[in-house]
Amino acid sequence: MTPGPILETPRLILRPPLAEDFDGYVELMSDAEHVKYIGGAAPPSVVWRQMMSVAGSWSLQGFGFFSVIEKGTGRWVGRLGPWFPHGWPQAEVGWSILPSEAGKGFVTEGSAASIDWAFNHLGWDDVIHVIDPDNVPSQKVAARLGSINRGPTRLPPPFQDARVDAWGQTRDQWAENRQQFDWLDQVVVRAS
């Protein structure tokens with residue numbers, strides 16, 4: 001049983017993390033170049049704590065990063081979704097995908113479904129994406145989602161020295177931007 005909903009998009013299943021996702025988390029966080037903008041490579045012991053933090057977010061806040069499962073293969077390919085750690089500048093929809101899965105549109109597809117879910121089911125009025133100014137691929141995803149760069153923001157310790165921008169959009173802006181994702185009306189949201 002997962003402690004939250006399961007969202008089914010055309011190519012993905014988004015669900016809260018399960019213990020079986022650990023190897024995928026480790027694979028994601030082992031590629032130093034790929035994860036340099038989200039804290040850098042980490043050993044399995046640290047990745048375990050990161051994954052438990054995400055699972056705890058679901059239990060305590062009622063939301064957190066979804067595990068991203070490719071429907072065609074059943075493979076864990078990343079994590080993304082609503083996220084709002086203590087001291088964060090604002091509620092965020094963030095993303096991280098395995099390097100082997102980059103460029104397939106999974107991040108945009110899963111993030112669009114997550115933004116829609118956050119506005120419709122969590123009642124958010126605004127959403128941001130915290131992005132390093134050098135992280136061009138993530139900036140492109142944010143722009144495809146309709147978010148705009150609102151400028152620099154600050155993260156809490158121990159990330160207070162990180163240079164990051166807040167990309168984002170309001171609920172009203174999303175109502176316009178979601179029209180480009182005509183498949184969103186077919187997303188299945190079911191209880192676990």
Side-chain angles (χ1 to χ4, degrees), residues 2 4-18 20-42 47 50-51 54-55 58 63-83 92-120 127-149 164-165 167-169 174 176-190 192:
T2 59
I6 298 169
L7 281 60
E8 188 172 333
T9 72
R11 299 180 298 156
L12 305 172
I13 294 172
L14 308 178
R15 61 158 171 73
L18 300 174
E20 66 198 44
D21 301 338
F22 181 61
D23 289 341
Y25 267 77
V26 169
E27 182 181 351
L28 173 70
M29 297 307 296
S30 67
D31 185 320
E33 181 62 25
H34 188 70
V35 295
K36 67 183 175 185
Y37 299 120
I38 59 168
V47 174
Q50 292 170 347
M51 189 175 125
V54 171
W58 277 103
F63 62 87
F65 286 138
F66 290 104
S67 280
V68 182
I69 310 301
E70 183 182 15
K71 281 167 70 171
T73 64
R75 183 172 182 240
W76 187 97
V77 296
R79 64 179 188 196
L80 57 75
W83 186 238
E92 174 181 23
V93 166
W95 49 78
S96 305
I97 198 91
L98 291 172
S100 62
E101 306 306 312
K104 296 181 179 179
F106 291 159
V107 171
T108 302
E109 183 174 323
S111 295
S114 295
I115 291 170
D116 210 52
W117 185 76
F119 284 135
N120 293 328
V127 66
I128 65 167
H129 323 291
V130 176
I131 303 174
D132 186 291
D134 295 329
N135 189 347
V136 175
S138 279
Q139 293 169 15
K140 289 180 179 179
V141 169
R144 275 193 295 277
L145 294 167
S147 293
I148 58 168
N149 188 341
V164 292
D165 292 328
W167 289 68
Q169 59 187 298
W174 177 247
E176 292 293 320
N177 294 328
R178 84 179 295 277
Q179 293 177 28
Q180 68 180 310
F181 305 106
D182 57 353
W183 52 266
L184 276 172
D185 292 328
Q186 279 77 49
V187 169
V188 175
V189 179
R190 61 185 189 272
S192 58

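None of the values given here were measured: they were computed from a predicted structure. No hydrogens, no waters, no symmetry mates; every other heavy atom, side chains included, goes into these values.
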Evaluate Val164 against Tyr37 for side-chain contact (heavy atoms from CB on, under 4.5 Å), listing each step before the verdict. CA-CA 9 Å; Val164 292; Tyr37 299 120; over 6 Å; no
If I take atom [atom1] from residue [X] and atom [atom2] from residue [Y], how far apart are they, to the nearest 0.5 angstrom?
X	Y	atom1	atom2	result
Glu70	Leu12	CD	CG	7.5 Å
Ile115	Glu92	CD1	CD	10.5 Å
Arg15	Ile6	CZ	CD1	8.0 Å
Trp174	Gln179	CH2	CD	10.5 Å
Met29	Met51	CE	CE	13.5 Å
Ser67	Glu20	OG	CD	8.5 Å

When you measure from the side chain of [X] to the backbone N and O of [Y], does any donor-acceptor pair fall under 3.5 Å?
X	Y	value
Trp58	Phe65	yes
Gln169	Ile148	no
Tyr25	Arg79	no

Residues passing the ring-ring contact (aromatic ring centres under 6.0 Å, His included) test with Trp95, sequence neighbours excluded, are His129
Would you check, one step at a time, whether the test side-chain contact (heavy atoms from CB on, under 4.5 Å) holds for Gln180 with Arg144? CA-CA 9 Å; Gln180 68 180 310; Arg144 275 193 295 277; 5.5 Å; no
Side-chain donor-acceptor pairs of residues 96-107 under 3.5 Å, sequence neighbours excluded:
from   : atom 1 : to     : atom 2 : distance (Å)
Glu101 : OE1    : Lys104 : NZ     : 2.8
Glu101 : OE2    : Arg75  : NH1    : 2.6

List in chain and number order the residues that pass side-chain contact (heavy atoms from CB on, under 4.5 Å) with [X], two or more places apart in sequence or in another chain; answer none if no residue qualifies.
X	value
Ala42	Val46, Val47, Gln50
Pro10	Glu109, Trp183
Lys36	Glu33

What pair of heavy atoms forms the shortest contact from [X] to [Y], and how long is it?
X	Y	value
Pro16	Asp21	O-OD2, 4.4 Å
Ala113	Thr9	CB-CG2, 3.6 Å
Leu14	Ser114	CD1-OG, 4.0 Å
Trp117	Pro82	CZ3-CG, 3.8 Å
Val35	Leu28	CG1-O, 3.2 Å
Asn177	Gly146	ND2-O, 3.3 Å

List for me each residue that meets salt bridge (charged side-chain N to carboxylate O under 4.0 Å, His left out) alongside Asp165, sequence neighbours excluded, and say none if there are none. none
Using side chain to side chain contact (heavy atoms under 4.5 Å, CB included) as the criterion, point out the one residue from Ile131, Asp134, Asn149 that pairs with Gln139. Ile131
Just so I know, are the side chains of Leu145 and Thr108 near enough to count as touching, which here means a heavy-atom distance under 4.5 Å? yes
